[in-house]
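The block underneath contains the structure these notes are about, expressed in structure tokens.
A quick note: this is a predicted structure, and the numbers were derived from the prediction, not measured.
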Amino acid sequence: MTDDDRQFCALAAGLDVVGDLWSMLLVRELLVAPADEDALLNGIPGMDRALLCDRLDWLRANGVVEGDEDGEYRLTGLGRRLDGPLTVLARWGRGCTTQD
């Protein structure tokens, strides 16, 4: 798909913002409660601080996450709207771990 085609595809546009593993896991953590960087790192094994800062910057720039002066991050209204899709994806993923 070319960049010109993406402007007409809502799925591609959404995946461009939150379609990577680390962004989705950050949104998952922030759906539970606002958190600072240390809490987010504790909740996402394997993520290092540089990657965390990169993903938080990306999500902030795209209006999904906001931070406050105390270093705590929370989802914006746009970010909270990911609750339903992530819940559905998690249910689907749980089914992927079992054999029919």
Side-chain angles (χ1 to χ4, degrees):
M1 182 176 292
T2 68
D3 287 339
D4 289 337
D5 295 332
R6 287 180 182 239
Q7 67 181 321
F8 300 110
C9 179
L11 179 59
L15 290 173
D16 281 346
V17 176
V18 295
D20 68 283
L21 171 68
W22 301 111
S23 293
M24 296 294 267
L25 294 177
L26 279 170
V27 171
R28 178 200 67 192
E29 291 298 306
L30 294 172
L31 280 167
V32 175
D36 62 17
E37 288 180 10
D38 290 333
L40 290 168
L41 287 170
N42 287 332
I44 307 173
M47 184 176 226
D48 64 39
R49 192 168 299 274
L51 180 57
L52 171 68
C53 291
D54 178 67
R55 293 291 82 206
L56 285 171
D57 287 347
W58 174 256
L59 292 170
R60 286 176 72 170
N62 283 279
V64 177
V65 170
E66 61 190 6
D68 64 22
E69 62 279 350
D70 295 325
E72 193 167 77
Y73 295 90
R74 65 186 36 78
L75 294 173
T76 63
L78 180 64
R80 285 190 304 275
R81 288 174 30 202
L82 289 165
D83 186 21
L86 262 61
T87 299
V88 170
L89 184 59
R91 282 190 202 128
W92 181 82
R94 193 175 19 234
C96 288
T97 61
T98 60
Q99 297 292 329
D100 288 335

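- When hydrophobic side chains of Ile, Leu, Val, Met, Phe, Trp and Tyr are connected at separations under 4.5 Å, Leu11 ends up clustered with Leu15.
- Atom CG of Leu25 sits about 4.5 Å away from atom CZ of Arg28, to the nearest 0.5 Å.
- Contacts of Arg60 classified as salt bridge (charged side-chain N to carboxylate O under 4.0 Å, His left out), with partners at least two apart in sequence or in another chain: none.
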(message) Checking Leu56 against Glu37 for the side-chain contact (heavy atoms from CB on, under 4.5 Å) test, could you report, in this order, the C-alpha distance in whole Å, the side-chain angles of both residues, the deciding distance, and whether it holds?
(response) CA-CA 9 Å; Leu56 285 171; Glu37 288 180 10; 4.3 Å; yes
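- Annotation: salt bridge (charged side-chain N to carboxylate O under 4.0 Å, His left out) contacts of Asp38 (sequence neighbours excluded): Arg49.
- Every residue meeting the salt bridge (charged side-chain N to carboxylate O under 4.0 Å, His left out) condition with Glu72, not counting sequence neighbours, appears here in chain and number order: Arg74.
- Between Leu75 atom CG and Leu59 atom CG the span is 8.5 Å, to the nearest 0.5 Å.
- A distance of 13.5 Å separates CE of Met24 from CD of Glu29, quoted to the nearest 0.5 Å.
- With sequence neighbours left out, the salt bridge (charged side-chain N to carboxylate O under 4.0 Å, His left out) criterion links Arg80 to no other residue.
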Can you give me every donor-acceptor pair (side chain of residues 85-93, partner residue at least two apart or in another chain, under 3.5 Å) with its distance?
from, atom 1, to, atom 2, distance (Å)
Thr87, OG1, Asp83, O, 2.8
Thr87, OG1, Asp83, OD1, 3.4

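- One distance of note links CG of Leu40 with SG of Cys53; it measures 10.0 Å at 0.5 Å rounding.
- If you run side-chain contact (heavy atoms from CB on, under 4.5 Å) between Tyr73 and each of Val65, Leu52, Asp68, only Val65 comes through.
- Using modelled atom types, no side-chain atom of Asn62 and backbone atom of Val64 make a donor-acceptor pair closer than 3.5 Å.
- Across all their heavy atoms, Leu30 and Ala35 have their closest contact at CD2-N, 3.8 Å.
- No donor-acceptor distance shorter than 3.5 angstrom exists from the side chain of Trp22 to the backbone of Arg55, with no hydrogens or angles considered.
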